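Single-structure report; data block below.
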Amino acid sequence: MPEQPGPHSNKKESISILNAKLGNTNDDKKRNLFQAMKNMLQFMDEKTSEKQFYFGTDDFDHVWEKLIDKAFGERDKEKYFPHSRWLLDYDKHKEKRPLMPDTIMIYNGKYYILDAKCYKYDRTAIPEHLPNGSSINKQITYGEYLEKYKGVDAKSLFNAFIMPYNMAKNFFKLDTVVGNIGKAVGDWRFNKKYYERIQGIVMDTRYLMHHYTGNPIKEKAALAECIEKVLSRTPVPSAADKTD
């Protein structure tokens with residue numbers, strides 16, 4: 001049996017030991033380890049058991065985009081969306097990164113263009129906390145490109161914003177993992193095609209974080225069904241058809 005450990009140094013002594021270690025090594029791995037230990041000690045006090053430790057990020061919008069793409073997306077989405085480039089007079093021709101949304105999901109032969117938006121509409125129910133006009137028009141452009149230049153049948157092409165929400169507590173009185181809260185349209189379109197009517201979808205954040213791996217079929221089916229509520233919605237009159 002190993003010997004019982006002796007008394008532990010207090011926080012001040014431990015930090016002093018770590019400072020000495022940091023000053024006597026050039027090994028980056030060891031320095032990172034010692035610095036991390038020092039950071040933890042500086043966070044603690046004599047009542048460590050009463051502390052709560054939090055691990056998180058201030059940029060959850062990027063996390064949300066990656067979660068949606070991991071759970072529902074196609075790996076080679078670049079081939080489905082338009083490329084652009086500059087033809088410069090004073091340099092070589094430059095091809096820019098393709099214009100593309102966060103995710104494209106293909107399920108049962110249908111195409112779903114998904115844009116993950118980490119907006120707070122689920123907590124406020126304020127319309128200003130929804131995707132704006134530039135986001136709406138961009139999604140319509142994606143759909144039009146797939147229809148006209150990739151030969152995707154407009155009847156099998158859908159568009160959606162995917163936003164986080166709390167299934168247990170929300171303004172919509174929804175109690176499902178995924179829900180439909182409305183649609184967005186561009187008044188410059190006739191809005192007869194499904195992809196022109198972008199569905200507003202909310203998805204329970206906790207559920208997605210626990211089930212995002214492996215492109216789950218059950219979750220894909222539920223999301224597809226929710227987006228396809230556009231099939232039962234009344235077509236939107238275009239702005240040109242409106243009368244004062």
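Since the model is a prediction, treat every value here as computed from it, not as a measurement. We number each residue from 1, following the sequence as shown.
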What distance separates [X] [atom1] from [Y] [atom2], expressed to the nearest 0.5 Å?
| X | Y | atom1 | atom2 | result |
| --- | --- | --- | --- | --- |
| I15 | K38 | CD1 | NZ | 7.0 Å |
| L41 | S9 | CG | OG | 10.0 Å |
| S156 | E147 | OG | CD | 11.0 Å |
| R233 | K183 | CZ | NZ | 5.0 Å |
| L146 | N159 | CG | CG | 9.0 Å |
| E78 | I104 | CD | CD1 | 11.0 Å |

Would you check if there is a donor-acceptor pair between the side chains of [Y] and [X] at a distance under 3.5 Å?
| X | Y | result |
| --- | --- | --- |
| D27 | T25 | no |
| Y195 | Q139 | no |
| N137 | R189 | no |

Does [Y] offer a backbone N or O that forms a donor-acceptor pair with the side chain of [X] under 3.5 Å?
| X | Y | result |
| --- | --- | --- |
| N180 | C226 | yes |
| R197 | K192 | yes |
| N170 | K173 | yes |
| S14 | N10 | yes |
| D69 | F72 | no |
| R206 | N166 | no |
| D175 | A168 | no |
| W64 | T205 | no |
| N108 | K110 | no |

Between K193 and E144, does the salt bridge (Lys or Arg N to Asp or Glu O under 4.0 Å) criterion hold? Intermediate values first, please.
CA-CA 10 Å; K193 297 174 181 178; E144 189 170 46; over 6 Å; no
Quick check on the hydrophobic clustering: are [X] and [Y] connected, directly or via other members, by side-chain heavy-atom contacts under 4.5 Å?
| X | Y | value |
| --- | --- | --- |
| L114 | M209 | yes |
| L22 | M37 | yes |
| I126 | Y119 | no |
| V185 | Y145 | no |

Taking side chain as C-beta onward, heavy atoms only, is [X] less than 4.5 Å from [Y]?
| X | Y | answer |
| --- | --- | --- |
| V178 | D204 | no |
| I181 | I201 | no |
| E74 | T103 | no |
| I140 | I198 | yes |
| I68 | D115 | no |
| L174 | M167 | no |
| M163 | M203 | no |
| E228 | F158 | yes |

F81 and Y142 aromatic ring geometry - parallel, tilted or perpendicular at 30°/60° bounds
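Plane angle over 60°, so perpendicular.
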Taking the inter-plane angle between the rings of F172 and Y165 on a 0 to 90° scale, is it parallel (under 30°), tilted (30 to 60°) or perpendicular (over 60°)?
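Ring orientation of F172 relative to Y165: tilted.
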Hey, is OH on Y207 packed in by over 12 heavy atoms from elsewhere, all under 6.0 Å?
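Atom OH in Y207 is packed in, count exceeds 12.
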If every non-hydrogen atom of Y112 is compared with every non-hydrogen atom of A224, which pair is closest and at what distance?
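Minimum heavy-atom contact is OH-CB, 3.5 Å.
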Applying side-chain contact (heavy atoms from CB on, under 4.5 Å) between Q35 and each of N32, N39, L33, report the one that passes.
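That would be N39.
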Electrostatic pair [X]:[Y] at N-O distance under 4.0 angstrom:
| X | Y | value |
| --- | --- | --- |
| K117 | D61 | no |
| D122 | K120 | no |
| K79 | D76 | yes |

